[in-house]
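Comments concern the structure below.
Residue numbering restarts at 1 for every chain, and letters A, B, ... go by the order of the sequence lines.
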Amino acid sequence: MTVTFQLNGEDCRFHGDPMTPLVDILRQERFLTGTKAVCREGFCGACTVHVDDEAVPSCLRPVGLVQGCAVTTIEGLSSGNQPLHPLQAAFEAADAVQCGMCFPGMVMSLSAFVRDNPHASRPEIKAAMVGNICRCTGYERIVDAVADCLDQARKAGQLVGGIHV
Amino acid sequence: MAPSVERSFTAASTLEEAMAARRQGAAVLAGGTWMMRDPLRGVDLPGAVVALHRIPALSKVDIEPDHVVIGAAVTHAVLGRALHGAAGFEGLVAAAEGAANPGIRRIATVGGNLCALDFAAADLAPALLVCEATVELETVEGPKLLGISDFLKDRHALLTEAIVTRIHVRRDLVASAHIRLPLRKAGDYPVAIVSLAVDKDKRCRIAVGSVEPVARRWTALEQAMAAGPASALDPERTAELALEHNDFQGRDGKEVEGWYRRQVLPPLVKRGVAALLKTEGLA
Ligand SMILES: Cc1cc2nc3c(=O)[nH]c(=O)nc-3n(C[C@H](O)[C@H](O)[C@H](O)COP(=O)(O)OP(=O)(O)OC[C@H]3O[C@@H](n4cnc5c(N)ncnc54)[C@H](O)[C@@H]3O)c2cc1C
Ligand code: FES
Ligand code: FES
């Protein structure tokens, strides 16, 4: 079967088994290895991508279901010489990243969250991270960075993500 | 990546098209959050699937003055948003908003939650049991309506050829609550689930999920409560009755043993009644 969809703004065509998990196509056919396949069970969130602007686990998304959709991976969030997404910049500034395994998924989940919840409280930020497991950081620094990012965006009168999500 | 497989994949745009695929042996694919893990359970993915997400009638929630109709392909996230703030549906909303994790809730559907055979920890099952929901199926003989208790009991046989299309819920609840006990604070399957509701006649309905293989109403406790004074919805007293009338056989699982699931029920009932008393309908 042939499945077509937009991948980071470009047309993408896949020929093969429509039940192939999207993550395998991203990593093995498109070499977009920012998206990680860790648990393959929907529990860790390392494979999170945006499908039609919603953050979803790509390990449980059969490619047949993304026919006609727009898929954005961590590589599509900010590439080449573009400035980083404000959330990526906030993580970098706070030195929040350790081994980095969870971060592409963390950024994809939280970038959609801050876009939709510019006034989120700390408990709401934590609730949004329930599906993203980090074995290194203990989470608090990540929550701090998200809260800072929202704070700065509010001060600047700008919705986070309005820049280039 | 798996070797290329010749698999039939139909994205049906009408129910008729979906039923035609079903008659030819296609399995229903909803959000895929259960089915995509079949290989991890040692089960092959089906050779033919029919996806429901393109059928508009199955992807919407209709809220009428006296009832609500939920399409089987509605996701947990959409259900939670649609019923947020609707009096009497606090429990169903808590189930839809508390299950799994946010990414799963954006894709996992109501139909998939009720039709995942051998999945004991489905949050929506006890929540819909206390709503006394009716399940609408499309079968080879045409549409069929079934009470949710009967559907859950008979679903192995019913789902060999049918498609769940809609869930019908009357708006006859004053208040409801949904209490789940995961081992971590959130994100994993609940060890035990207690859903409670109070109807317009002030009768309390209670259902339990994840303790036995299939969710069911706790009729022994409901009857014991009905025998007491109608005004006495008291957390402590209800927990005592729950201890006295605990007729559950806990299932053993890799996360906990059966006795534990059974033993946590009275404290969960206590929390549930306390939550009921805080709702707008009863406060
Ligand atoms: C990380 C993770 C955590 C989870 N935590 C929870 C939790 O806390 N609580 C909870 O309740 N669930 C939990 N789940 C389970 C999840 O809710 C179910 O996997 C989900 O509801 C299934 O819905 P789906 O749309 O993805 O179904 P699918 O995987 O598409 O289908 C599941 C089964 O139902 C059948 N089916 C689907 N729709 C229909 C229909 N309309 N008619 C007939 N048959 C149908 C399919 O053929 C298949 O056999 C979790 C899942 C994951 C991955
Ligand atoms: S790899 Fe997809 S959630 Fe873990
Ligand atoms: S930084 Fe290592 S898992 Fe999160």
Side-chain angles (χ1 to χ4, degrees), chain A residues 1-3 14-29 37 39-69 105-106 108-110 112-113 116-117 123-124 126-133, chain B residues 1-13 26-27 29-41 43-54 73 75-78 80-81 97-109 112 182-189 255:
Chain A
M1 180 176 164
T2 302
V3 181
F14 168 79
H15 305 277
D17 180 6
M19 292 299 276
T20 307
L22 177 60
V23 67
D24 289 341
I25 295 162
L26 299 176
R27 291 179 58 84
Q28 295 173 29
E29 292 221 338
C39 72
R40 292 184 172 272
E41 286 204 78
F43 281 100
C44 77
C47 66
T48 306
V49 298
H50 294 179
V51 174
D52 287 345
D53 292 331
E54 287 212 300
V56 299
S58 61
C59 65
L60 297 183
R61 216 62 199 137
V63 67
L65 288 181
V66 302
Q67 164 67 39
C69 296
M106 200 67 90
M108 295 313 284
S109 292
L110 290 169
F113 173 75
D116 298 340
N117 300 277
E124 285 167 342
K126 288 186 178 177
M129 290 168 57
V130 161
N132 291 88
I133 292 177
Chain B
M1 203 164 341
S4 192
V5 181
E6 267 317 308
R7 203 185 301 276
S8 150
F9 188 102
T10 308
S13 32
L29 170 66
T33 61
W34 185 259
M35 188 187 278
M36 288 298 279
R37 292 180 291 151
D38 275 353
L40 296 169
R41 292 185 280 259
V43 178
D44 286 339
L45 287 172
V49 293
V50 54
L52 305 180
H53 64 296
R54 293 258 160 82
T75 63
H76 286 61
V78 167
R81 277 199 299 271
E97 291 183 343
N101 62 50
I104 299 294
R105 293 196 293 267
R106 287 183 198 109
I107 49 181
T109 65
L183 287 180
R184 295 194 301 136
K185 193 165 178 205
D188 56 352
Y189 294 149
E255 61 290 21

| task | Select one option (side chain, backbone, both, neither) describing which atoms of A:Ala55 are under 4.5 Å from chain B's heavy atoms. | result | both
| task | Counting only heavy atoms closer than 4.5 Å, note whether A:Arg61 contacts chain B via side chain, backbone, both or neither. | result | both
| said: Do A:Met19 and B:Met35 have side chains that approach each other closer than 4.5 Å (heavy atoms only, starting at C-beta)? | reply: yes
| query | Out of curiosity, A:Ser109 OG to B:Arg106 CZ, how far, rounded to the nearest 0.5 Å? | reply | 6.5 Å
| request: Check whether any side-chain heavy atom of A:Pro62 lies under 4.5 Å from a side-chain heavy atom of B:Met36, and answer yes or no. | output: yes
| request: Counting only heavy atoms closer than 4.5 Å, note whether B:Ala108 contacts chain A via side chain, backbone, both or neither. | output: neither
| said: Using only atom types and a distance under 3.5 Å, with no angle test, would you say the side chain of B:Asp188 pairs donor to acceptor with the backbone of A:Phe43? | reply: no
| query | Looking at side-chain heavy atoms only, is the closest gap between A:Leu60 and B:Ile104 below 4.5 Å? | reply | yes
| Side chain proximity check, A:Leu65 to B:Phe9, heavy atoms < 4.5 angstrom | yes
| remark: Tightest non-hydrogen contact, residues B:Gly103 and A:Pro57, listed as O-CD, 3.7 Å
| query | A:Gln67 versus B:His53: any side-chain heavy-atom pair under 4.5 Å? | reply | no
| request: Give, for atom CZ of B:Arg105 and atom CD of A:Glu54, the distance between the pair rounded to the nearest 0.5 Å. | output: 12.0 Å
| note | For A:Ala128 and B:Pro102 the tightest heavy-atom approach is O-CG, 3.9 Å
